[in-house]
Amino acid sequence: MASMLITAMPFAGHARPLRPVVAELVRRGHDVRVYTGRTCTAMFEEVGARALPWHTPPDVDERDFAATFPRMQGRKTFRQALINLEDLFLGTAPAQCVDLLAAHDEQPWDLLAGDPMALGTRFAAERLGTRWATVSPIPVWLPGRGIPPTGLGLRPATGTLGVLRDAILGAGGRVGMAGVARTYQRIRRQAGLAADHSSFVTLWYSPQLVVAAVAERVPHLGLA
């Protein structure tokens, strides 16, 4: 039996896809703790895991983000998306790290695995020098040769014009996310870590192991 700690951002779209993963680990006899917000603890306790609610970060209710983070107004603009990333996903990471280090002091884990958006997972693993895995309940958006920037709904292009398109879009994306990259380096310092070379796309994922969510069947793509 292994001691496992799984992190999940406290939103239905993140926690619910991780619930069956946790349930299967419990079924196989592992001791599983799940670090998440208080609104999501019950769903993991129902499948036999031990819930560790957020303590140091401000707790979040996804029905009213602005109550906790006043700048998050639910507006559908690029600037609002950057604010959401900076205040919620990046901004809570050092506090998540504090809780995770305390959990490790109380009971060291054999495996740390996390929701990619729960960035405290990375910080705690780096602080402790332990290996960690990403378990992604959302589409994996790692960069690659011939892959257009994520979030635009574009298929890989072919030919000279397609390569030029992706190069231009990629350069524009890096400029647009420069502020987020600076915020990431700042919060690393807050978490007691040195600067690293992660890009906006790669900072969310473990460099050691990424376990991706996969649909059971997508008939029109011929996938099973």
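Predicted model only: the values in this text are computed from it and were never measured.
- Between Ala191 and Arg127, the shortest heavy-atom contact is O-NH1, 2.9 Å.
- Of all the heavy atoms in Ala103 and Leu5, the pair that sits closest is CB-CD1, 3.9 Å.
- In this structure, the side chain to side chain contact (heavy atoms under 4.5 Å, CB included) partners of Ser3, at least two apart in sequence or on a different chain, are Asp31, Arg33, Gln107, Trp109, Asp110.
- With sequence neighbours excluded, the residues that form a salt bridge (charged side-chain N to carboxylate O under 4.0 Å, His left out) with Asp87 are Arg71.
- Leu112 and Leu101 end up in the same hydrophobic cluster when Ile, Leu, Val, Met, Phe, Trp and Tyr side chains are linked at under 4.5 Å.
- In this structure, CZ on Arg16 lies 9.5 Å from CZ on Phe44, to the nearest 0.5 angstrom.
- Rounding to the nearest 0.5 Å places CG of Leu203 at 7.0 Å from CG of Leu90.
- Val60 has its side chain within reach of Trp54: a pair of non-hydrogen atoms, C-beta onward, lies under 4.5 Å apart.
- For the pair Gln190 and Pro94, the tightest heavy-atom approach, listed with the atom from each and the gap, is OE1-CG, 3.6 Å.
- Follow the hydrophobic side-chain contacts under 4.5 Å out from Tyr205 and you reach Leu85 in the same cluster.
- In this structure Arg27 satisfies the side chain to side chain contact (heavy atoms under 4.5 Å, CB included) test together with Glu24, sequence neighbours excluded.
- Inter-residue side-chain proximity for Leu119 and Ile187 is flagged as met; some heavy-atom pair is nearer than 4.5 Å.
- Residue pairs meeting the salt bridge (Lys or Arg N to Asp or Glu O under 4.0 Å) criterion with at least one partner in residues 91-105, sequence neighbours excluded, are absent.
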Candidate pair His30 and Val22, rule side chain to side chain contact (heavy atoms under 4.5 Å, CB included), full reasoning: CA-CA 9 Å; His30 299 298; Val22 169; over 6 Å; no

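- Between Gln96 and Pro57, the shortest heavy-atom distance links the atoms N-CG, 3.7 Å.
- With sequence neighbours excluded, the residues satisfying side chain to side chain contact (heavy atoms under 4.5 Å, CB included) with Ala51 are Thr41, Glu45.
- More than 12 heavy atoms of other shown residues, nucleotides or ligands fall within 6.0 angstrom of atom CZ in Arg50.
- Using a 4.5 Å heavy-atom cutoff, the side chains of Phe123 and Leu100 are not in contact.
- Taking the salt bridge (charged side-chain N to carboxylate O under 4.0 Å, His left out) definition, one finds that Arg38 meets it with Asp59, sequence neighbours left out.
- Taking both residues in full, the closest heavy atoms of Val34 and Ala49 are given as CG2-CB, 4.0 Å, listed atom of the first, atom of the second, then distance.
- For the side chain to side chain contact (heavy atoms under 4.5 Å, CB included) test, residues two or more places apart in sequence or in another chain that qualify with Gln185 are Arg188, Arg189, Ala195, Asp196.
- Thr134 meets the side chain to side chain donor-acceptor pair (under 3.5 Å) test with no other residue; sequence neighbours excluded.
- The shortest distance between side-chain heavy atoms of Leu128 and His104 falls below 4.5 Å.
- Closest heavy-atom contact between Trp204 and Trp132: O-CH2, 4.4 Å.
- Side-chain contact between Val135 and Ile6 is absent, with no heavy atoms from C-beta onward closer than 4.5 Å.
- Atoms CD and OG1, from Gln208 and Thr130 in turn, are 8.0 Å apart once rounded to the nearest 0.5 Å.
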Contacts table for residues 8-15: side-chain donor-acceptor under 3.5 angstrom, sequence neighbours left out:
from	atom 1	to	atom 2	distance (Å)
His14	ND1	Asp115	OD1	3.3
His14	ND1	Asp115	OD2	2.8

